[in-house]
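Report on the following structure.
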Amino acid sequence: QVQLVESGGELVQPGGSLRLSCVASGRTFSTYAMGWFRQAPGKEREFVAAISWRGGNTYYADSVKGRLTISRDGAKNTMYLQMNSLKPEDTAVYYCAARPASYYGQPASWYREVAGYPYWGQGTQVTVSS
């Protein structure tokens, strides 16, 4: 079992920056692949970014490439999402998620699967508005 707690969401102006954090507790953090997902009102939850269990591989949705950066710190059991050049369309509740690591190479699609993640945080609201 893994418990996940997100923080860092707030109201920010277009073009601004935020850093979201996700602290994990419970089972060994390093044995899980981690991801960020978001859900806007009236829309389905969608993939944003993911990072492999060792942190060597990262994956991004096309809509956020070049603006958002995912990272993880094993010593702190924490995953981050640095968000730059924010746009109004980035407004959503952001969730962190964890899934048991695959020790075999997996394609990017494996990391993008919402249904593949059994552990989820409660979400943190990001609002981009002037």
Side-chain angles (χ1 to χ4, degrees):
Q1 192 78 1
V2 176
Q3 292 79 43
L4 304 171
V5 179
E6 306 97 332
S7 63
E10 62 181 66
L11 172 64
V12 63
Q13 292 189 342
S17 297
L18 281 177
R19 189 176 78 159
L20 305 184
S21 299
C22 172
V23 179
S25 60
R27 300 292 293 275
T28 306
F29 176 69
S30 62
T31 64
Y32 287 80
M34 303 290 293
W36 286 100
F37 295 78
R38 67 186 181 188
Q39 188 166 17
K43 294 187 177 181
E44 293 186 353
R45 192 168 298 188
E46 65 175 3
F47 169 77
V48 175
I51 188 166
S52 60
W53 66 287
R54 287 184 173 176
N57 295 307
T58 57
Y59 307 87
Y60 296 93
D62 289 343
S63 60
V64 306
K65 279 181 181 177
R67 300 188 299 117
L68 275 57
T69 303
I70 189 172
S71 61
R72 64 191 296 168
D73 184 338
K76 296 181 178 179
N77 280 5
T78 302
M79 176 178 66
Y80 303 98
L81 186 67
Q82 178 65 43
M83 310 172 73
N84 298 328
S85 301
L86 283 163
K87 304 175 181 180
E89 51 263 44
D90 294 317
T91 296
V93 177
Y94 283 72
Y95 298 90
C96 72
R99 67 183 300 179
S102 170
Y103 299 102
Y104 301 95
Q106 295 291 345
S109 57
W110 185 86
Y111 291 89
R112 297 171 183 267
E113 299 170 343
V114 174
Y117 291 78
Y119 305 110
W120 292 84
Q122 83 289 348
T124 185
Q125 176 70 48
V126 172
T127 302
V128 185
S129 175
S130 56

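A 4.5 Å side-chain heavy-atom check between Ile51 and Met79 finds at least one atom pair inside the cut-off. Counting heavy atoms from C-beta outward, Thr69 and Leu81 have side chains that stay 4.5 Å or more apart. For the pair Leu86/Leu18, a side-chain contact is recorded, criterion being any heavy-atom separation below 4.5 Å from C-beta on.
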Practice problem: Test Leu20 against Thr124 for side chain to side chain contact (heavy atoms under 4.5 Å, CB included), laying out the working first. | Solution: CA-CA 8 Å; Leu20 305 184; Thr124 185; 4.1 Å; yes
Practice problem: Decide side chain to side chain contact (heavy atoms under 4.5 Å, CB included) for Tyr95 and Arg45; before the verdict, give the C-alpha distance in whole Å, the side-chain angles of both, and the deciding distance to 0.1 Å. | Solution: CA-CA 9 Å; Tyr95 298 90; Arg45 192 168 298 188; 3.4 Å; yes
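The backbone N or O of Val128 lies less than 3.5 Å from a partner atom in the side chain of Thr91, making a donor-acceptor pair. For Thr78 (side chain) and Lys76 (main-chain N/O), a donor-acceptor pair under 3.5 Å exists by modelled atom type.
If you take CD1 on Ile70 and CG on Asn57, they are separated by 11.5 Å, rounding to the nearest 0.5 Å.
Scanning all heavy atoms of the two residues, the minimum distance from Gln3 to Gln1 falls at NE2-CG, 3.2 Å. Counting all heavy atoms, side chain and backbone alike, Met34 lies closest to Ala98 at SD-CB, 3.5 Å. Here the closest heavy-atom approach between residue Tyr32 and residue Pro100 is recorded as CD2-N, 3.6 Å. Closest heavy-atom contact between Arg72 and Trp53: NH1-CA, 3.3 Å.
Residues Asn84 and Ser17 have side chains that bring a donor and an acceptor to within less than 3.5 angstrom of each other.
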For residues 106-115, run the donor-acceptor check on the side chains, cut-off 3.5 Å, and write out each pair with its distance to 0.1 Å, sequence neighbours left out.
residue	atom	partner	partner atom	Å
Gln106	NE2	Ser102	OG	2.8
Arg112	NH2	Tyr60	O	3.1
Glu113	OE1	Arg99	NH1	3.3

All N/O donor-acceptor pairs, side-chain side in residues 4-14, below 3.5 Å, sequence neighbours left out:
residue	atom	partner	partner atom	Å
Glu6	OE1	Gln122	N	3.0
Glu6	OE1	Gln122	NE2	3.4
Glu6	OE1	Gly123	N	2.9
Glu6	OE2	Cys96	N	2.8
Glu6	OE2	Gly123	N	3.2

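There is a path of hydrophobic side-chain contacts, each under 4.5 Å, that joins Val126 to Val48. Tyr80 and Tyr117 are members of different hydrophobic clusters when ILVMFWY side chains are connected at heavy-atom separations under 4.5 Å. Hydrophobic cluster membership differs between Leu68 and Val93, with clusters built from Ile, Leu, Val, Met, Phe, Trp and Tyr side chains linked at under 4.5 angstrom.
In terms of the salt bridge (Lys or Arg N to Asp or Glu O under 4.0 Å) criterion, residue partners of Arg67 (sequence neighbours excluded) are, by chain and number, Asp90.
Because its NZ or CZ atom is not both nearer than 6.0 Å to the ring centre of Tyr94 and within 45° of the ring axis, Arg38 does not count as a cation-pi partner of that residue.
Aromatic pair Phe47/Trp36: ring centres not closer than 6.0 Å.
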